[in-house]
Amino acid sequence: MPGTDSPRTPEPAVQVPTRTLVEALIRTDNTVDTGELYAIAPLLGMTDQQVRLCVKRMVTEGRFTQEGRGRKAVLRATGATEQTLGPDVDFVAHAFRQDAGLAPWDGTWHLVAFAVPETARTARDALRAALTRLGGAPVQGGVYVSANAWEPYVEDQARHLDVLDHLTLLTTDNLRHGNEHDPAAIARTLWPQDEIADRYQRLACVARPRLRRLQEDAYLPGPQRLTIAVELAAEFTRAMEPDPLLPPELLPQPWPGTQARELVAQCWSLLDKYTEKSERISLFRLYRDAIRPAAAAS
């Protein structure tokens, strides 16, 4: 397992958008203590003015309601905000199952073909974006492929966009790209693996010193622990969002994503262990739910 005695590399600065900070500090009762928000903001290089303006915008957008004023206010997440919080547990859990060798690839490629008419151009563009977000890559005009069984997610998106009747779903174990038959070579052609690997290497550089800090001082002050949690969540999201979660059989080994996720899992385990229940934010539960099933089965 990756530890803290790996060679020390320069620690990259973590850029956390103010909006991300506000959403990251939502507690399990869906509230944000603004006193806590203002205490952590300077640790992330943010000014009080940035926080105030961000809170005002998010309340105006209907993302939160506000009770009280200033540092004694309480923000309450609305339903729209609750639905978009944290990582997608299904996808994060799948990544950890892959890392643990619990989701071997069966050699099946999953394809989606669509011919959405020009009159539904907006929906067609949204479908393309959704397929990319779900880890698909275009192989021809209107044809996308994934190495994972993504059909339920694709169908949900298509129903939401009212274009399900324009889709054809199929699978094959015999995909050829030009003259290339080798699945790993095809995967290298279709997905930007180098760019994805770079993101995970950056995540590892961010997680490693924070893990060291948590191991050396289990009882860090609350604001410092929450700052680590917010920074990890921001970098983890940046690394995971463009990752199609290709099976290990299609990736170069060792794959940087495996090590980076393990480092993050160790950090979240310590954060969860040494943080009082009253101080826990919703992200603790979301990451715990995503990581534990693979950890328990391995």
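What you see is a predicted model; the values in this text were computed from it and never measured. What's counted below: heavy atoms across the whole structure, side chains too, no hydrogens, waters or symmetry copies.
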Quick one: do Ile26 and Tyr38 end up in the same hydrophobic cluster if we chain Ile, Leu, Val, Met, Phe, Trp and Tyr together by side-chain heavy atoms under 4.5 Å apart?
-> yes
List the steps and the verdict of side chain to side chain contact (heavy atoms under 4.5 Å, CB included) for Trp105 and Leu250.
-> CA-CA 9 Å; Trp105 191 46; Leu250 301 181; 3.5 Å; yes
Is it true that atom CG of Asp156 has more than 12 heavy atoms of other residues, nucleotides or ligands lying nearer than 6.0 Å?
-> yes
Residue pairs passing the ring pair (Phe, Tyr, Trp, His ring centres under 6.0 Å) test where at least one lies in residues 147-167, sequence neighbours excluded = Phe91-Tyr153
From Glu67 atom CD to Arg76 atom CZ, the distance as rounded to the nearest 0.5 Å | 5.0 Å
Tell me, yes or no, whether the heavy-atom count around Gln253 atom CD, taken from other residues, nucleotides or ligands under 6.0 Å, exceeds 12.
-> yes
Atom CZ in Arg208, atom CG in Leu211: separation rounded to 0.5 Å?
-> 9.0 Å
CG/Asp29: more than 12 non-hydrogen atoms of other groups inside 6.0 Å | yes
Interatomic spacing from CG in Leu167 to CD in Glu151 - rounded to 0.5 Å | 11.0 Å
Charged tip of Arg261 within 45° of Tyr200 ring normal and under 6.0 Å | yes
Less than 4.0 Å between a side-chain N and a carboxylate O, is that true for Arg213 and Glu216?
-> no
Run the salt-bridge test on Glu36 and Arg27 with the 4.0 Å N-O cut-off and return the result as yes or no.
-> yes
For the pair Arg176 and Glu180, find out whether any cationic side-chain nitrogen is under 4.0 Å from an anionic carboxylate oxygen.
-> no
With Arg210, which of Glu231, Gln224, Gln215 fulfils side-chain hydrogen bond (donor to acceptor under 3.5 Å, both in side chains)?
-> Glu231
Residues Lys72, Asp33: salt bridge by 4.0 Å N-O rule | no
I would like to know whether Thr171 and Trp109 meet side chain to side chain contact (heavy atoms under 4.5 Å, CB included); could you show each step before the answer?
-> CA-CA 6 Å; Thr171 60; Trp109 298 98; over 6 Å; no
Residues Thr108, Asp173; criterion side chain to side chain donor-acceptor pair (under 3.5 Å); working and verdict | CA-CA 5 Å; Thr108 300; Asp173 60 2; over 6 Å; no
So does Glu61 pair up with Lys56, basic N to acidic O under 4.0 Å?
-> no
Determine yes or no for a side-chain-to-main-chain donor-acceptor pair under 3.5 angstrom, with Gln66 supplying the side chain and Gly68 the backbone.
-> yes
Point-to-point distance, once rounded to the nearest 0.5 Å, from CD1 of Ile196 to CD of Glu241 | 12.5 Å
Approximate separation, where rounding is to 0.5 Å, of Arg188 CZ and Asp194 CG = 10.0 Å
Determine, stepwise, if the pair Val32 / Phe64 fulfils side chain to side chain contact (heavy atoms under 4.5 Å, CB included).
-> CA-CA 9 Å; Val32 176; Phe64 291 89; 4.0 Å; yes
